[in-house]
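Indexing begins at 1, ligand by ligand and atom by atom, following the structure's order. In what follows, every heavy atom counts, from backbone to side chain, and hydrogens, waters and symmetry copies are set aside.
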Amino acid sequence: MQNIAAPAGSHRHPEGHIGNTPLPLPLDRALAHVDRVFGIDRILAQEGKDVVAPYYIQSELGYRRVHSGAGCMHMALCADGRFDRAGYLTQAEEVAHLIAETGARRVLELGSGMGFNSLHLAPQHPEAHFTGIDLLEHHVRKSARKAESMANLAFRQGSFMDLPPDLDGMDLAFAVETLCHASDLDTVARQIAQALAPGGRLLIYDGYRRPDFDTAPEAVRTAARLFEVTTAVSTGFRPIEDWCAALERAGLRVTETRDRTADTIACTRKLHRSALRFFTDWRFRLLRFVLPRHLVLNTVAGLMGPYMIEGATPGTGGMTGALLYGTITAENPR
Ligand SMILES: C[S@@+](CC[C@H](N)C(=O)[O-])C[C@H]1O[C@@H](n2cnc3c(N)ncnc32)[C@H](O)[C@@H]1O
């Protein structure tokens, strides 16, 4: 297994990468904005509270209008550091590659949201059958409507903490930025292991706390915690090592982990710029009196994004953040 945990500050970007451009707003001023408008302590008081359902119901408008505009609810991965909407398809394209490589016929998407990934994959792979499962009936209804004409794609309501037995025998399961909501890693790992056929593969994309999270500067940790709370990751992102250990305990073999943090920088900076308008223009801030609280708090996540992954002074060399974005690939060896 490749070791993902590069020491803080060691990750340099190629010339011209946006990660080499200083961010105009220093972290202390960004935190001051958040404190003035919402109160940092008031936000952090919500740590540990399960708000997944109200968060996603209230945030739908933000995901549709501000985030991607296409029902996509994850980070765009842009390898060259320049934001490109095509980056929202990176995860699905990599899943497509794995389907082609393994000849997978039964594919399960965990936490399928508004269906963006599976809706992209199903028409490309008529020989395979896709099932998307999501906690929220609301998301399932939206995605199922878009899949009406696709015979090889079904969306259903359910939790990755308790997968229905008829989903056993999957050749491939994938999860994009959803397992971070899990309260118990071992339960999820066992459920996935049970659902995979012998030789079945697993591909996870998610955020993780760096192994040196506790020694990151306090302001950077605060940025990361604010991001976690305001995106309903109520118990905080877990270290990738904890996920790998849980998957191994469940009987899966972790074949690779990859640090993809640098690929998220263009997207986190784009969201940061959108959020900054809210904090610097009083007309945008009026929205907080009319829009639902979880939706409005996404502005905090957007503002904090670059600092949590790049550190307190983005663009001044190396990444010294508290979170990373990575992939885990595993297989069922049974
Ligand atoms: C950030 S969104 C990602 C959605 C989708 N994977 C995508 O890439 O667009 C996370 C999704 O996970 C779902 N989710 C959260 N907890 C879940 C659970 N226990 N079981 C299934 N889905 C869950 C949420 O409802 C939400 O749709």
Side-chain angles (χ1 to χ4, degrees), residues 49-64 66-77 85 87-96 107-122 130-144 146-147 153 155-164 167 172-192 194-195 202-208 227-235 237-238 260 264 267-268 271 294-295 297-298 301-302 305 323 325 327:
K49 297 202 175 125
D50 179 359
V51 292
V52 171
Y55 167 77
Y56 281 108
I57 289 170
Q58 292 185 15
S59 299
E60 190 196 320
L61 184 67
Y63 276 110
R64 268 196 293 116
V66 184
H67 188 78
S68 68
C72 161
M73 304 168 74
H74 56 254
M75 290 289 169
L77 298 182
R85 298 184 60 75
Y88 289 120
L89 285 170
T90 303
Q91 292 89 337
E93 286 300 327
E94 290 178 1
V95 173
V107 180
L108 173 63
E109 178 174 11
L110 301 159
S112 45
M114 291 190 247
F116 182 84
N117 302 308
S118 289
L119 284 163
H120 178 73
L121 287 164
F130 296 79
T131 304
I133 187 161
D134 197 275
L135 188 66
L136 291 194
E137 184 61 49
H138 171 75
H139 286 166
V140 173
R141 236 181 300 121
K142 291 227 162 250
S143 43
K146 293 184 209 153
L153 172 58
F155 290 104
R156 52 199 274 190
Q157 195 270 330
S159 171
F160 48 64
M161 305 288 287
D162 185 19
L163 290 173
L167 291 182
L172 172 63
F174 72 97
V176 182
E177 298 174 33
T178 182
L179 299 185
C180 53
H181 295 299
S183 50
D184 178 347
L185 278 49
D186 281 307
T187 300
V188 181
R190 276 197 304 271
Q191 291 290 309
I192 295 173
Q194 173 68 35
L202 169 67
L203 178 55
I204 302 172
Y205 294 81
D206 227 320
Y208 303 94
F227 183 93
E228 289 169 346
V229 181
T230 55
T231 55
V233 183
S234 49
T235 48
F237 291 104
R238 310 298 177 84
R260 309 292 293 273
T264 65
C267 188
T268 51
L271 295 171
H294 288 295
L295 173 60
L297 280 173
N298 278 295
L323 300 182
Y325 188 96
T327 55

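For ligand 1, the atoms lying closer than 4.0 Å to a non-hydrogen atom of N117 are 6 (N), 7 (C), 8 (O).
Below 3.5 Å of separation, one finds an N or O of H139 facing an N or O of ligand 1. Polar contact check, V176 against ligand 1: a nitrogen or oxygen pair lies under 3.5 Å apart. Considering backbone and side-chain atoms together, L136 places no N or O closer than 3.5 Å to any N or O of ligand 1. Residue contacts with ligand 1: Y63 is placed with no nitrogen or oxygen under 3.5 Å of a nitrogen or oxygen of the ligand (distance criterion only). Looking at ligand 1, you won't find any N or O of Y56 less than 3.5 Å from one of its N or O atoms. The shortest N or O to N or O distance between V52 and ligand 1 is not below 3.5 Å. The shortest N or O to N or O distance between E177 and ligand 1 is not under 3.5 Å.
Relative orientation of the Y325 and Y205 rings is tilted, given thresholds of 30° and 60° on the angle between their planes.
Taking F160 as the reference, nothing meets the ring-ring contact (aromatic ring centres under 6.0 Å, His included) condition, with sequence neighbours excluded. Taking the side chain to side chain donor-acceptor pair (under 3.5 Å) definition, one finds that Q58 meets it with nothing, sequence neighbours left out.
Counting heavy atoms only, D134 comes closest to atom 25 (O) of ligand 1 of the residues L135, D206, D134.
Residue T268 holds its OG1 atom at 8.5 Å from CZ of F227, rounded to the nearest 0.5 Å. Here the CE-CZ distance, from M75 to R260, works out to 14.0 Å after rounding to the nearest 0.5 Å.
Using a 4.0 Å cut-off between heavy atoms, E109 contacts ligand 1 through its side chain alone, with no backbone atom that close.
Between the side chains of E60 and H138, at least one donor-acceptor pair of N or O atoms lies under 3.5 Å.
At the top of the distance list for atom 18 (C) of ligand 1, counting protein heavy atoms only, stands F160 CE2, 3.2 Å.
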